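Notes follow the structure.
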Number of protein chains: 2
Amino acid sequence: MPLTLRQRNRLDAIHRIMDAAMDLFDERGYADVTIDEIAAASGVSPRTFYRYFGTKEGLFTADPLAAVGLDRYAGQIDPGDLPGTLERLVALIDEGPGTSEDTRPRPWRGMRYVLEEPSVRAAVYGALDGAAERLAALLRDAGESPARARVIARSYLFGAYFGALEQWHLDGRSRPLRDYVREGAAALADGGRGK
Amino acid sequence: MPLTLRQRNRLDAIHRIMDAAMDLFDERGYADVTIDEIAAASGVSPRTFYRYFGTKEGLFTADPLAAVGLDRYAGQIDPGDLPGTLERLVALIDEGPGTSEDTRPRPWRGMRYVLEEPSVRAAVYGALDGAAERLAALLRDAGESPARARVIARSYLFGAYFGALEQWHLDGRSRPLRDYVREGAAALADGGRGK
DNA sequence: GCCTAATTGACATTTTCTGCCAACTTGTCG
DNA sequence: CGACAAGTTGGCAGAAAATGTCAATTAGGC
């Protein structure tokens, strides 16, 4: 069952807004673009922008598919194999949104602003934090103590995952992202004990 | 050589503002207190508040001593012994600011808001991120690859350190914080391999 | 084709945050 | 001690972000 008209309209609007915003950011820089301008450029009212994204930084943390009730990631998580889980998630994101129709926002577009704009970075950390919370719950279910579950979940998401993204971007995106994730997870597995 | 009058005035103002803000937060909740009110309650102009703290969340990330050019932490960091480094830092914070005169802001006051207010939490993550950046530089100097340095630094600060703070607070601050830090660092050392 | 529920846009308002400048305070040096 | 320089503060004006409210429009179900 595809999508209802309302869902398609919403998804369209979200993608339109994201694209328009990134275009403006690339053109004039993140700080010099107002939400009124983004809204105007994508044909919605500013109020609607806030309804969809909450804040300007929300552009970088919103999951368009989640906004219409879809979740591509749920089944991919295996608390017993975190390195593998990270690799699967990255691969999923790499292939784009993957709804039949749109090829809209290329994955990792806007990563530049995540790394360079402190406020965006902080917002992304907030989103990672939420993910870590959920992952920690799974680890507890798998028998870890609450304290250890917290540490491990955050280490993989903030350390291995985000660290890999950053290093990959800083290196000019030459080698595949997957390698960086693998490397990051390996650094965790050996406990910083050097290789 | 103690402190110049300007430094003492500034330090006083910073502590006065922090205390007044926390009092107001405890009384009416973080979101319902405006910066104008904090400024009024502590006898400075709103403009001065912004000069000292930058944002409302800056109340939780500002280091009063750094604001007058002091650094108690620099000498404590040993890239070769991260667990020990964390324990030393926590111990330092525990004993308070430690300038001869003031006993002002009790350490960890406001932790509640760090954990409960998403915007504060995100701001603290931003500060941790800066610290992780600096720590990663030290690790690189000690021979780690950039990628590994990133992962390890973030894991210790976001995972072990912040995780310990959170767990300690959630447990009602009964056992000493030091134990939690030790436990968190141990979880990292064994690579999530269970105990 | 209607009725209901969801969604949108417009408006007003509060709050955060910044630039600018004049008034004042502190440090310093003759 | 007394000026001069440098640093610091407060007030004002204004841009931008963010939220509540409500009437108007649009989609969905029957």
Side-chain angles (χ1 to χ4, degrees), chain A residues 1-17 20-21 24-25 28-62 64 66-69 113 117-123 126, chain B residues 1-17 20-21 24-25 28-62 64 66-69 113 117-123 126:
Chain A
M1 182 194 64
L3 288 175
T4 162
L5 175 56
R6 279 203 170 120
Q7 289 177 307
R8 267 183 290 123
N9 283 345
R10 166 168 297 195
L11 210 47
D12 268 9
I14 290 179
H15 283 155
R16 224 167 44 240
I17 294 169
L24 289 171
F25 293 160
R28 313 210 311 268
Y30 180 77
D32 281 347
V33 177
T34 71
I35 289 179
D36 283 20
E37 292 172 317
I38 298 172
S42 44
V44 299
S45 72
R47 195 66 185 83
T48 294
F49 176 96
Y50 282 110
R51 258 190 283 261
Y52 286 164
F53 297 102
T55 68
K56 197 174 174 186
E57 290 78 26
L59 279 168
F60 299 89
T61 59
V68 295
Y113 304 105
E117 293 288 332
S119 69
V120 178
R121 197 172 175 121
Chain B
M1 186 193 63
L3 288 175
T4 162
L5 174 56
R6 275 197 173 126
Q7 287 176 309
R8 266 182 289 126
N9 284 344
R10 166 168 296 191
L11 210 48
D12 267 9
I14 290 180
H15 284 156
R16 224 169 42 240
I17 295 171
L24 288 172
F25 293 160
R28 313 211 311 269
Y30 179 77
D32 281 347
V33 176
T34 70
I35 290 181
D36 282 22
E37 293 172 317
I38 298 172
S42 43
V44 298
S45 73
R47 196 67 187 78
T48 294
F49 176 96
Y50 282 110
R51 258 190 283 262
Y52 285 164
F53 297 102
T55 69
K56 197 173 171 184
E57 290 78 28
L59 279 168
F60 299 89
T61 59
V68 295
Y113 305 104
E117 293 289 331
S119 69
V120 178
R121 198 172 173 121

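Every heavy atom of this structure was used, including side-chain atoms; hydrogens, water molecules and symmetry mates were not. Here is how names work: the chains are called A, B, and so on, in the same order as the sequence lines, proteins then strands, and each is numbered from 1. Note that the coordinates shown come from a computational prediction; the quantities given were computed from them, not determined experimentally.
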Gap between atoms [atom1] and [atom2], on [X] and [N] respectively (whole Å):
X	N	atom1	atom2	value
A:Tyr30	D:dA16	OH	P	14 Å
A:Phe53	D:dA18	CZ	C1'	16 Å
A:Arg8	D:dT26	CZ	C1'	14 Å
A:Ile14	C:dT8	CD1	C1'	14 Å
B:Leu11	D:dT8	CG	P	14 Å
A:Glu37	D:dA15	CD	P	13 Å
A:Ile38	C:dG9	CD1	P	15 Å
B:Asp32	C:dT15	CG	C1'	12 Å

Quick one: which of [options] gets closest to the side chain of [X]?
X	options	answer
B:Arg47	C:dG27, C:dT18, C:dG9	C:dT18
B:Lys56	C:dG9, C:dC17, C:dT26	C:dC17
B:Thr34	D:dA17, C:dT15, D:dG20	C:dT15
B:Tyr50	D:dA17, C:dC17, C:dA10	C:dC17

Judged by nearest nucleotide, the residue sitting upstream toward the 5' end of DNA chain C, A:Pro46 or B:Ile35, is A:Pro46
Can you find a pair of side-chain heavy atoms, one from A:Val120 and one from A:Phe25, that are under 4.5 Å apart? no
Step-by-step side chain to side chain contact (heavy atoms under 4.5 Å, CB included) determination, A:Tyr30 to A:Leu59: CA-CA 11 Å; A:Tyr30 180 77; A:Leu59 279 168; 5.7 Å; no
Taking N or O atoms only and anything under 3.5 Å, show me the protein contacts with nucleotides 5-7 of chain C, one pair per line.
none

Rounded distance [0.5 Å steps], [atom1] in [X] versus [atom2] in [Y]:
X	Y	atom1	atom2	answer
B:Asp12	B:Ser42	CG	OG	12.0 Å
A:Arg10	A:Leu3	CZ	CG	12.0 Å
A:Phe49	A:Thr55	CZ	OG1	7.0 Å
B:Phe53	B:Ile17	CZ	CD1	5.0 Å
B:Thr34	B:Leu24	OG1	CG	9.0 Å
B:Asn9	B:Ile14	CG	CD1	11.0 Å

Sort by first number and list every stem of DNA chain C: at least 3 consecutive Watson-Crick or G-U wobble pairs, both distances under 3.5 Å. C:1-30 with D:1-30
Under 4.0 Å between a Lys/Arg side-chain N and an Asp/Glu carboxylate O for A:Arg28 and A:Glu37? yes
Will you find, in the side chains of B:Tyr113 and B:Glu57, an N or O donor that is under 3.5 Å from an N or O acceptor? no
Just N and O in the side chain of [X]: are any of them under 4.0 Å from OP1 or OP2 of [N]?
X	N	answer
B:Ser45	D:dT9	no
B:Thr48	D:dT9	no
B:Asn9	C:dT26	yes

Pull out every protein N or O sitting under 3.5 Å from an N or O of nucleotides 28-30 of chain C, one pair per line with the distance.
none

Take B:Val68 and B:Arg6 through the test side chain to side chain contact (heavy atoms under 4.5 Å, CB included) and record every step on the way to the result. CA-CA 9 Å; B:Val68 295; B:Arg6 275 197 173 126; over 6 Å; no
Output yes when a side-chain donor or acceptor of A:Lys56 lies under 3.5 Å from a complementary backbone atom of A:Ser119, and no otherwise. no
